[in-house]
Amino acid sequence: MPELPEVETTRRKIEPLLVGRVLTRIEHDAPHKYLGTHRAEGRTVTGIGRRGKYLLLQLAASEAAEDETNAEYSGPLELLVHLGMTGGFRLEHGKHTRVTLHTDEGAVYFNDARKFGKVAVVRPGEYAAFPTLHGMGPEPLSDDFREADFVKLAASAGAVKPWLLSQKPVSGVGNIYADESLWMSRLHPAQTRLRPAEARKLYAAVREVMAAAVAAGGSTLGDGTYQQHDGEAGLFQLRHHAYARNGTPCDRCGVTIEKIVLAQRGTHFCPHCQVLKAR
DNA sequence: CGCCTACCCTGCTCGC
DNA sequence: TGCGAGCAGGGTAGGC
């Protein structure tokens, strides 16, 4: 995480800062980690999209003769950004600045304390080097996310939480919103092979949770994680029912929320509302 | 092929 | 007060 709501909030906020600007130079000291960034230099940002948790900065074709470093390919490009766990954009250089996007109208800084973030420049749609992006499931808030498809896939799925986190049945769900969606649909995180009625509830919960979280500007955690570049915090953390609520009473039944580790992830659920069924 | 696990990385919290 | 251990986890490589 940041997950879809935090990434979408970031997208909306950096759009006016970058669209229409020329990336004059991209500065960082980890060429093995931030790939092909020199290819973006001299190009105009024409738009910023998002796919799951990836930001996709569209870069205009270069005027070939103008920039020799891009002589090998002058068509449009995409600059991918994944925020990882702690990535975000800032308007000032900081201790954790990893990548600086110099533009013709000032710089924008990519900060990432824990260095799980990714930056790469690729040809549009060329995601072979990013298997998760390549195999990304439908956007949860789009018409491409269809209940019937989801129900069918869920019938043969393994443990539902890791399945959601795989980005295959639906994109953009991370640890917070997986726990929230499962709480809402009363499913145990380790439940396998969902019945159609269960899968329909989960489908509705994912849509509802994601829509509400986007509208709230995402979740900003107690330590300030996922705060936006302008210092604004999301508000959805105030409506978490499961995530980081362990030790407190379930908002539905009053039984204490538990925390377990499932597939290496902290996992929060209500042991009374979310019962594992043998299948 | 698909599932599962280990690992990456570093700031912060906690206990002694 | 200082310090080391433990924890946070998305995506990917690699094993089975």
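Below, chains carry the letters A, B, ... as their sequence lines are ordered, and counting in each starts from 1. Side chains are part of it too, since the values below use all heavy atoms of this structure and drop only hydrogens, waters and symmetry mates. Bear in mind the structure is a predicted one, so any value in this text is a computation, not a measurement.
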A.B. asks: Rounded to the nearest 0.5 Å, how far does CZ of A:F269 lie from CD of A:Q274?
C.D. replies: 7.0 Å
A.B. asks: Membership question, hydrophobic clusters at under 4.5 Å side-chain separation (ILVMFWY): are A:I48 and A:L79 in the same one?
C.D. replies: yes
A.B. asks: Could you check whether A:R123 makes a cation-pi contact with A:Y73, meaning its NZ or CZ is under 6.0 Å from the centre of the six-membered ring and within 45° of the ring axis?
C.D. replies: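 Yes - A:R123 lies over the ring of A:Y73, closer than 6.0 Å to its centre and within 45° of its axis.
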A.B. asks: Just verifying a value: how many Å separate A:S181 OG and A:M210 CE, rounded to the nearest 0.5 Å?
C.D. replies: 6.5 Å
A.B. asks: According to a hydrophobic-cluster definition based on side-chain heavy atoms being under 4.5 Å apart (Ile, Leu, Val, Met, Phe, Trp, Tyr only), do A:F110 and A:V7 belong together?
C.D. replies: yes
A.B. asks: Tell me: CG of A:L80 to P of C:dG11, nearest whole Å?
C.D. replies: 13 Å
A.B. asks: What is the distance, to the nearest angstrom, from the OH atom on A:Y34 to the P atom on B:dC8?
C.D. replies: 16 Å
A.B. asks: In whole angstroms, how far is the P atom of B:dG11 from the CE atom of A:M85?
C.D. replies: 13 Å
A.B. asks: What integer distance in Å separates A:K115:NZ from C:dG9:C1'?
C.D. replies: 17 Å
A.B. asks: Is the shortest distance from a Lys or Arg side-chain nitrogen in A:R265 or A:D179 to a carboxylate oxygen in the other one below 4.0 Å?
C.D. replies: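 Looking at A:D179 together with A:R265, the answer is no, because their closest N to O distance does not fall below 4.0 Å.
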A.B. asks: If you go through the side-chain atoms of A:R114, does one of them form a donor-acceptor pair with the base of C:dA8 closer than 3.5 Å?
C.D. replies: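 Present.
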A.B. asks: If you assign A:S156 and A:R265 each to the DNA chain B nucleotide with the nearest heavy atom, which residue ends up on the more 5' nucleotide?
C.D. replies: A:S156
A.B. asks: Want to settle it: does A:Y54 or A:H268 sit nearer the 5' end of DNA chain C, counting the closest nucleotide to each?
C.D. replies: A:H268
A.B. asks: Look at the side-chain N and O atoms of A:Y243 and state whether any lies under 4.0 Å from the OP1 or OP2 oxygen of C:dG9.
C.D. replies: yes
A.B. asks: Is the shortest distance from a Lys or Arg side-chain nitrogen in A:R25 or A:E27 to a carboxylate oxygen in the other one below 4.0 Å?
C.D. replies: yes
A.B. asks: Looking at A:H96, does any N or O in its side chain come under 4.0 Å of the phosphate oxygens OP1/OP2 on B:dT10?
C.D. replies: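 It does not, given that no N or O in the side chain of A:H96 lies less than 4.0 Å from OP1 or OP2 of B:dT10.
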A.B. asks: Using whole Å, report how far CG of A:L165 lies from P of C:dG10.
C.D. replies: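 Roughly 6 Å, once rounded to whole Å.
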A.B. asks: Report the distance from atom CH2 of A:W163 to atom C1' of B:dG2, rounded to the nearest whole Å.
C.D. replies: 15 Å
A.B. asks: Grab the CZ-P distance between A:R51 and C:dG10 for me, whole Å please.
C.D. replies: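 Roughly 18 Å, once rounded to whole Å.
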A.B. asks: Can you tell me if A:F116 is stacked onto the base of C:dG9, using a 5.5 Å centroid cut-off and an angle below 30°?
C.D. replies: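 Stacked: centres under 5.5 Å apart, planes under 30°.
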A.B. asks: With heavy atoms under 4.0 Å as the rule, sort A:Q264 into base, sugar-phosphate or nothing.
C.D. replies: base
A.B. asks: Taking only side-chain nitrogens and oxygens of A:K33, does any of them come within less than 4.0 Å of OP1 or OP2 of B:dC8?
C.D. replies: no
A.B. asks: Specify the residue among A:K95 and A:G158 whose closest nucleotide of DNA chain B lies further upstream toward the 5′ end.
C.D. replies: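 The answer here is A:G158.
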A.B. asks: Give a yes/no on whether any side-chain N or O of A:T132 is located under 4.0 angstrom from OP1 or OP2 of C:dT12.
C.D. replies: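 Answer is yes, contact under 4.0 Å.
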A.B. asks: Describe, as an angle rounded to 10 degrees, how the axis at the first end of the helix from B:dG2-C:dC16 to B:dC16-C:dG2 is tilted relative to the axis at the last end, five pairs per end.
C.D. replies: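 The helix from B:dG2-C:dC16 to B:dC16-C:dG2 shows an end-to-end axis angle of 40°.
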A.B. asks: Starting at atom CG of A:L164, determine the distance to atom P of C:dG9, rounded to an integer number of angstrom.
C.D. replies: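 Interatomic distance, CG of A:L164 to P of C:dG9: 16 Å.
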A.B. asks: Restricting to salt bridge (Lys or Arg N to Asp or Glu O under 4.0 Å), what partner residues turn up for A:R98, sequence neighbours left out?
C.D. replies: none
